[in-house]
Amino acid sequence: MRLTVAQALVRFLEQQYVERDGDRHRFFAGCLGIFGHGNVAGIGEALLEASQRDGGLSYHQARNEQAMVHTAIGYARMKDRLQTYACTSSIGPGATNMVTGAATATVNRIPVLLLPGDIFATRVANPVLQELEYPGSLDVSVNDAFRPVSRYWDRINRPEQLPSALLAAMRVLTDPAETGAVTLALPQDVQAEARDWPEELFEPRTWRIARPAPEPAALAAATEVIRSAKRPLIVAGGGVIYSDASQALDHFASATGVPVAETQAGKGSLPYDHPHAVGAVGATGTTAADQLAEQADVVIGVGTRYSDFTTASRTAFAADGVRFVNLNVAAFDAYKLSALPLVADAREGLRALASAVGDYAVDATYREETVRLAREWDGIVQQAYDERHRPLPAQAEVIGAVNETSRSQDVVVCAAGSMPGDLHKLWRTRDRKGYHVEYGYSCMGYEIAGGLGVKLAALDSDEDREIYVMVGDGSYLMMSSELVTAVAESVKLIVVLVQNHGFQSIGALSESLGSQRFGAAYRYRTESGFDGDRLPVDLAANAGSLGAEVIAVRTIDELTDALDKARASSRTTVVHVETDPMLPAPDSPAWWDVPVAEVATIDSTREARAEYGKHKQHQRHHLGPSARERDES
Ligand SMILES: Cc1ncc(C[n+]2csc(CCOP(=O)(O)OP(=O)(O)O)c2C)c(N)n1
Ligand SMILES: [Mg+2]
């Protein structure tokens with residue numbers, strides 16, 4: 001078949017399928033893109049042809065290249081990584097705008113295929129517009145910046161290279177241990193070059209998503225440690241969700257009585273009111289999970305990468321001789337914290353463990369303790385939901401109103417600011433896909449664009465889900481552009497825009513570290529800093545100008561009414577609510593390691609440094625069971 005490189009690439013993408021548990025479907029839902037001279041006549045032309053044939057790859061116009069990667073991530077995460085979008089950009093700034101998106105995907109282990117245009121392979125006309133010339137090598141372009149943030153990176157300098165690059169890209173995208181951003185840089189001249197391709201390249205190809213089983217010896221060792229545990233705790237991460245292991249987790253926890261705590265990506269592994277759920281763990285954890293973590297003798301990590309938020313910067317698991325058993329499909333994560341590694345799919349691993357531990361169960365007092373602690377925390381949550389602060393509500397009340405007016409299958413989406421921590425602790429998740437907080441990269445600007453991807457995924461799966469995007473004023477200002485895309489695609493989102501006049505999460509952090517909220521508020525500059533009046537910024541008017549319906553509210557009662565209206569509407573609706581940033585949500589005493597200046601002229605900094613030093617003493621390296629324990633065993 002005689003096709004251009006771009007036409008061949010698009011035809012190949014159309015024929016890629018994945019299969020898991022007997023379910024087979026296309027891997028690419030479509031291609032998001034913004035055109036410029038680096039892709040308009042190459043990939044752009046190929047997508048135009050695709051739009052004119054049955055089953056051709058669909059094209060979706062985005063407003064910002066970073067945002068379109070977020071949309072692809074939101075989609076792929078909602079689809080448990082079994083389906084995603086490709087993203088095409090021009091060269092130069094269009095391409096580098098995607099670098100942050102690539103990092104977001106790779107940190108979160110979410111598959112996205114990035115197709116940045118690249119400078120001429122032939123170099124006849126160089127430097128092309130937007131080419132950054134690197135005097136030390138004409139082989140370098142800005143697209144080399146994708147290398148460290150991609151799990152596979154390639155540049156197609158000759159048409160003949162395309163087939164092997166495509167197969168390598170698919171292997172990585174569909175490998176649960178390897179997956180992340182895959183970047184194929186496409187020089188703009190090569191995209192338009194034609195060649196005779198072998199027919200086999202365009203035949204349907206099915207990639208089976210592996211569910212590796214644990215190795216018997218590793219399973220036996222893990223079983224022995226778990227059976228010896230008096231105060232075990234499961235830390236459920238994103239891997240539980242992607243592997244669709246909630247039922248297996250429920251079964252394991254119910255049979256053994258081991259309590260289940262959740263990371264940000266793992267929240268929703270069990271419903272919040274499951275008898276063995278103890279909620280969020282770590283720096284933004286519940287008092288229940290964090291107290292159990294502190295005293296746990298065996299921590300069973302399932303599908304978690306143990307970020308510093310999960311381990312409270314390695315202070316959460318404080319018991320002498322605490323051991324870790326890590327069930328993870330990626331060996332890299334399974335070996336963390338000197339754990340006994342169980343390299344396997346989460347669902348298969350949990351099933352194997354459930355049968356291997358036999359009649360093991362925690363004793364009744366521990367079980368009662370976990371239930372009591374979880375119940376106590378739930379009471380604290382209800383109180384936080386029900387406070388009626390005046391004149392402005394607390395953020396926790398806003399979360400409560402959204403939670404209580406949403407249905408169990410609806411999805412809350414968030415990424416950065418003070419809301420992710422509050423949601424982690426306070427959101428009552430009732431559906432395994434009901435909680436979608438991007439906290440691997442905590443990328444401001446993910447919220448609306450990511451929410452759009454979540455909604456597209458729900459629509460494609462014929463699922464009736466409202467998507468509640470919760471976004472701070474800071475994140476909104478950084479990237480609200482995809483409201484326009486949602487309007488253009490007639491995809492409905494409910495956006496709850498929380499106005500608190502600045503980067504208040506960082507303000508609170510700054511204050512706690514003795515830096516006096518420096519640079520965190522949105523105010524006019526005066527001679528002494530940004531401490532003048534509040535800015536006359538009207539984000540409600542801004543959202544309206546982008547084509548969304550807007551409802552501005554002042555109280556929680558008004559918010560509840562507005563949320564009802566937003567749900568009844570068929571259009572994307574932004575609910576604007578102002579909150580009091582000085583009303584923090586309830587929390588556990590957990591710590592987060594953010595270093596404070598060792599010397600300073602400012603008293604508040606010196607005091608914070610002294611406090612910092614105290615916390616540092618509790619930080620653990622987790623290099624393995626102590627020598628004494630090794631001798632005993
Ligand atoms: C792209 C990006 N830049 C900077 C940060 C650091 N950061 C984390 S939260 C935050 C402030 C967010 O402000 P807003 O959305 O208003 O939420 P609030 O903190 O007020 O709750 C900043 C600057 C980040 N996470 N992402
Ligand atoms: Mg804010």
Side-chain angles (χ1 to χ4, degrees), residues 64-70 73 96-108 149 264-265 283-284 307-309 384 389 392-399 402 412-427 437-451 468-483 495-513 515 517-523 530 534-535 537-540 542-543 574-585 587 592-595:
N64 173 302
E65 292 87 355
Q66 180 187 326
M68 74 192 181
V69 185
H70 293 330
I73 295 168
T96 50
N97 265 358
M98 293 202 295
V99 172
T100 297
T104 307
T106 296
V107 171
N108 288 286
V149 293
Q264 282 277 13
T284 53
S307 79
D308 64 348
F309 264 78
H389 288 285
L392 293 176
Q395 186 163 280
E397 296 171 67
V398 172
I399 290 172
V402 176
V412 67
V413 178
C414 191
S418 54
M419 267 188 292
D422 289 357
L423 287 165
H424 194 209
K425 292 177 284 189
L426 302 178
W427 186 261
V437 174
E438 187 285 293
Y439 213 63
Y441 212 43
S442 185
C443 189
M444 287 172 75
Y446 176 83
E447 299 85 352
I448 292 170
Y468 291 86
V469 174
M470 302 201 64
V471 59
D473 52 330
S475 271
Y476 180 90
L477 278 171
M478 213 173 263
M479 201 153 57
S480 50
S481 50
E482 298 326 286
L483 274 179
V495 178
V496 180
L497 169 48
V498 175
Q499 171 62 273
N500 60 14
H501 303 281
F503 304 138
Q504 298 297 352
S505 54
I506 304 302
L509 179 65
S510 165
E511 188 169 353
S512 75
L513 303 174
S515 289
R517 294 187 171 254
F518 182 67
Y522 289 162
R523 287 181 183 269
F530 290 100
R534 283 196 170 156
L535 306 178
V537 173
D538 185 345
L539 296 184
N542 177 279
V574 175
V575 180
H576 181 281
V577 58
E578 189 169 343
T579 58
D580 183 341
M582 297 304 169
L583 298 170
D587 58 9
W592 184 36
D593 189 345
V594 179

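We count ligands from 1, going down the list as the structure has it; atoms in each ligand are counted the same way. In what follows, residues are counted from 1 in the order of the sequence shown.
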Atoms of ligand 1 close to Gln504 [distance to a heavy atom under 4.0 angstrom, numbered from 1]: 18 (P), 19 (O), 20 (O)
As an exercise, state the distance from NE2 of His576 to OH of Tyr476, rounded to the nearest 0.5 Å. 9.0 Å
With sequence neighbours left out, write down each residue that passes ring pair (Phe, Tyr, Trp, His ring centres under 6.0 Å) with Tyr468, or none if nothing qualifies. none
I'd like to know if the side chain of Asp473 and the backbone of His501 have a donor-acceptor N/O pair within less than 3.5 Å. yes
Only heavy atoms count here, so choose which of Phe503, Tyr476, Tyr441, Tyr446 is nearest to atom 13 (O) of ligand 1. Phe503
Should you measure from each heavy atom of Ser442, which atoms of ligand 1 turn up under 4.0 Å away? 24 (C), 25 (N), 26 (N)
I'd like to know if the side chain of Ser512 and the backbone of Leu509 have a donor-acceptor N/O pair within less than 3.5 Å. yes
Partner of Val99 under side-chain contact (heavy atoms from CB on, under 4.5 Å), chosen from Val69, Thr104, Val149: Val149
Checked the Mg ion (ligand 2): protein N, O or S atoms closer than 2.8 Å come out as Asp473 OD1, Asn500 OD1, Gly502 O
Closer than 4.0 Å to some heavy atom of Ser418 - which atoms of ligand 1 meet that? 18 (P), 19 (O), 21 (O)
Considering only non-hydrogen protein atoms, determine which one is nearest to atom 5 (C) of ligand 1 and report residue, atom name and distance to 0.1 Å. Met444 SD, 3.6 Å
Checking Ser442 side chain against Ala415 main chain: does a donor-acceptor pair fall under 3.5 Å? yes
Is there a donor-acceptor pair under 3.5 Å between the side chain of Ser510 and the backbone N or O of Arg517? yes
Near Ser475, which atoms of ligand 1 are under 4.0 Å from a heavy atom of that residue? 14 (P), 15 (O)
Show me which atoms of ligand 1 lie under 4.0 Å from any heavy atom of Ser505. 9 (S), 10 (C), 11 (C), 18 (P), 19 (O)
Polar contacts were defined as any N/O atom of the residue lying under 3.5 Å from an N/O atom of the ligand; does this apply to Gly474 and ligand 1? yes
Cys443 N/O under 3.5 Å from ligand 1 N/O: no
Any side-chain heavy-atom pair of Asn64 and Glu482 under 4.5 Å: yes
Would Leu539 and Leu477 count as a side-chain contact (heavy atoms from CB on, under 4.5 Å) if you check the C-alpha gap in whole Å, the side-chain angles of each, and the deciding distance to 0.1 Å? CA-CA 8 Å; Leu539 296 184; Leu477 278 171; 3.8 Å; yes
Met478 heavy atoms within 4.0 Å reach ligand 1 at atoms 1 (C)
Option passing side-chain contact (heavy atoms from CB on, under 4.5 Å) with Val495 (candidates Val575, Val469, Val413): Val469
Per atom 17 (O) of ligand 1, closest listed option by heavy atom (Ala508, Gly421, Gly417): Gly417
Roughly how far, to the nearest 0.5 Å, is NE2 of His70 from CD of Glu447? 8.0 Å
The answer for which part of Asn500 has a heavy atom under 4.0 Å from ligand 1 is side chain
The protein heavy atom nearest to atom 8 (C) of ligand 1 is Ile506 CD1, 3.7 Å
Are Tyr522 and Phe530 near enough that their ring centres are under 6.0 Å apart? no
